[in-house]
Amino acid sequence: MALSNIEKESKYIYRIRKTGSMKVDAVVLSDYETIDEDAVEQIKNVATLPGIVHYALAMPDIHWGYGFPIGGVAAFDIEDGVISPGGVGFDINCGVRMLVVEGHSNLVKDNLEVIIQRLYEAIPVGVGERSEKKFSRKEFKEIVEKGAKKVIELGYGYQDDLERIEDFGCIRECDFSNVSEEAFERGKDELGTLGAGNHFLEVQEVAEVYDEEVAKILGVEKGMITVLIHTGSRGFGHQIATDYIKLMRDNLKEHNKNLPDKQLINAPFKSDWGQKYYSAMNCAANYAFANRQIITHLIRKVFKTVLGVNVRVIYDIAHNIAKVEEHVVDGKKRKLVVHRKGATRAFGPGNDVLPEIFKRTGQPVIIPGSMGTASYLLVGTKKAEEMTFGSTAHGAGRALGRREATRELSTERVLNELKSKGIKIMAKSKKGIVEEAPEAYKDVDKVVQIVDELGISLKVAKCIPLGVMKG
DNA sequence: ATGTCC
């Protein structure tokens with residue numbers, strides 16, 4: 001790979017010194033072999049944006065995305081910095097929630113086929129798939145302004161679930177009046193649906209525990225059955241991203257005239273357009289928290305009905321979002337707009353925003369693997385707060401583009417490989433199976449090893465898949 | 001990711 005101007009700073013830390021219009025350095029946390037040149041070009045572009053602070057960062061799962069790379073973290077000064085839809089991603093608050101099933105694991109294993117089947121029947125999955133449940137416009141507004149809390153009030157889950165969700169499942173700086181009618185129309189029938197692409201629902205087993213004490217506090221033990229939900233804000237968030245990319249393009253021509261890449265379209269955070277996008281984006285973030293909450297409720301119903309067992313929430317994280325946070329930069333506390341696109345918040349022990357239960361451990365971090373590979377539960381660290389604006393990786397990261405994967409892999413082979421590992425799969429589309437094949441992704445074990453070794457999040461447990469459901 | 005192009 002011909003990466004120019006990249007310096008090895010230490011193991012897994014590579015720095016690209018600022019040149020040209022870059023305002024800060026770019027830093028890539030990865031092993032050299034897997035760094036993709038196009039994605040490095042993107043992180044260098046991000047470093048040119050107004051008000052960027054300290055450095056533009058890339059996590060070990062970095063790969064090419066719309067404008068900003070996926071696996072990217074960029075923090076902007078709240079006063080003279082910007083907010084960019086491309087720095088959040090189209091699937092606003094795409095994220096992961098981990099659940100644990102109470103009762104003996106063999107009960108689930110012996111009934112796996114029926115459990116997967118029932119989950120498949122209970123949770124709408126696939127492109128454009130609608131929910132049976134219809135919410136009124138008034139309810140919908142409250143859901144996108146109050147997030148998981150509102151759907152819990154409507155009967156989808158328990159009050160206790162809330163402290164097990166990042167930001168308690170609600171981002172307050174939101175305003176439904178900044179959401180288009182079209183976004184509402186697309187979103188109103190999709191609450192409680194999984195979607196397609198890399199979204200999935202997986203039944204897993206805790207195969208290994210690296211830190212017994214922390215695992216116990218988080219609520220997992222070796223041998224337990226977990227369920228992982230990976231989904232986001234569906235057509236609702238997608239439409240909000242689309243709307244504001246266009247609005248910023250039409251209304252902020254002068255501000256955006258010197259962009260190295262049109263896809264980096266952005267607005268000054270404190271400007272009208274910046275605030276409008278921020279408040280609409282947060283509606284989508286709340287929608288996604290509510291979506292994962294409703295899906296949790298549907299999963300609980302299946303496990304209760306089929307096996308008579310309860311399901312608890314371990315944690316729910318966002319990995320496509322921009323947030324206002326306080327961080328210490330060069331010894332000074334500053335208010336920043338932190339963009340995490342394919343990156344997970346990883347706040348450490350003692351952080352003020354965490355609930356009591358996680359004050360000792362740091363916040364739980366969930367890093368899912370690709371279909372048929374392991375997923376990890378970790379905790380955030382002080383080191384992440386010092387080094388990465390409190391961030392870590394979000395997954396395996398694509399190695400092959402969707403088109404490449406479709407060309408190079410066969411559905412049959414992917415299915416046979418899953419079968420040979422004893423993994424049950426229910427999938428809506430054949431196309432999805434090849435696009436999401438393990439071979440299309442980097443090695444999640446390696447990504448997790450790197451973030452753990454860097455100390456920006458620490459391994460707690462590893463879960464291996466038993467059954468998976470996909471769009 | 002996505003009513004896989006307005």
Side-chain angles (χ1 to χ4, degrees), chain A residues 39 42 61-72 84-97 124-131 134 179-201 229-247 249-250 262-263 265 280-281 283-285 287-289 291-292 295 317-322 339-344 368 370-371 394-407 427-437 440-441 469-471:
Chain A
Q42 289 193 310
D61 48 347
I62 180 180
H63 58 107
W64 189 92
Y66 181 90
F68 289 56
I70 295 159
S84 171
V88 171
F90 278 82
D91 190 4
I92 297 163
N93 191 3
C94 185
V96 197
R97 179 181 291 212
V125 56
V127 180
E129 200 58 40
R130 305 274 146 178
S131 165
K134 307 281 181 247
V179 171
S180 70
E181 195 57 30
E182 198 174 3
F184 167 66
E185 282 300 324
R186 283 182 72 174
K188 70 180 193 325
D189 302 330
E190 289 185 331
L191 274 159
T193 67
L194 197 62
N198 64 6
H199 292 165
F200 65 78
L201 195 152
I229 305 162
H230 182 196
T231 186
S233 52
R234 310 286 285 103
F236 184 66
H238 196 276
Q239 190 59 46
I240 288 169
T242 307
D243 288 342
Y244 278 92
I245 286 168
K246 187 169 188 310
L247 285 165
R249 203 174 279 157
D250 293 347
K262 284 192 172 112
Q263 296 183 347
I265 190 91
M281 179 205 67
C283 286
Y287 181 104
F289 285 134
N291 190 27
R292 294 192 286 272
I295 292 173
I317 58 97
H319 60 216
N320 273 12
I321 200 160
H339 291 61
R340 295 193 185 89
K341 182 189 192 180
T344 311
S370 54
M371 194 166 53
H394 89 303
R398 289 201 87 88
L400 299 177
R402 291 176 198 280
R403 205 172 298 168
E404 284 176 284
T406 310
R407 198 175 53 225
K428 201 97 182 181
S429 88
K430 283 197 167 185
K431 191 167 152 269
I433 294 171
V434 274
E435 285 182 359
E436 298 303 320
Y441 281 84
M469 159 179 159
K470 285 206 66 82

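Just so we're on the same page: letters track the sequence lines, and every chain starts at 1.
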Rounded to whole angstrom units, what separation is found between the [atom1] atom of [X] and the [atom2] atom of [N]?
X      : N     : atom1 : atom2 : answer
A:R234 : B:dT4 : CZ    : C1'   : 13 Å
A:R130 : B:dT2 : CZ    : P     : 11 Å
A:K246 : B:dC5 : NZ    : P     : 18 Å
A:Q239 : B:dC6 : CD    : P     : 9 Å
A:I70  : B:dT2 : CD1   : P     : 13 Å
A:F90  : B:dC5 : CZ    : P     : 12 Å
A:H238 : B:dC5 : NE2   : P     : 10 Å
A:D243 : B:dC6 : CG    : P     : 12 Å

My understanding is that only one of A:Q42, A:H394, A:H319, A:R398 makes a side-chain contact (heavy atoms from CB on, under 4.5 Å) with A:I70; could you say which?
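Exactly one candidate clears the test, A:H394.
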Looking at every strand, decide which applies to [X] at a 4.0 Å heavy-atom threshold: base, sugar-phosphate, or nothing.
X      : value
A:K431 : base
A:A196 : sugar-phosphate
A:E190 : sugar-phosphate

If you assign each of A:R398 and A:V127 to its closest nucleotide in DNA chain B, which residue comes earlier from the 5' end?
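Result of the comparison: A:R398.
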Applying side-chain contact (heavy atoms from CB on, under 4.5 Å), name anything that partners A:S180, two or more places apart in sequence or on another chain.
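side-chain contact (heavy atoms from CB on, under 4.5 Å) list for A:S180, sorted by chain: A:E182, A:A183, A:Q239, A:D243.
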Is there a side-chain contact between A:R402 and the phosphate of B:dT4, meaning an N or O under 4.0 Å from OP1 or OP2?
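For A:R402, the contact criterion (side-chain N or O under 4.0 Å from OP1 or OP2 of B:dT4) is not met.
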Heavy-atom check, side chain of A:I295 versus side chain of A:R97, under 4.5 Å:
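A:I295 does not reach A:R97 side chain to side chain.
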List the residues meeting salt bridge (charged side-chain N to carboxylate O under 4.0 Å, His left out) with A:K431, not counting sequence neighbours, and say none if there are none.
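Applying salt bridge (charged side-chain N to carboxylate O under 4.0 Å, His left out) to A:K431 gives A:E435.
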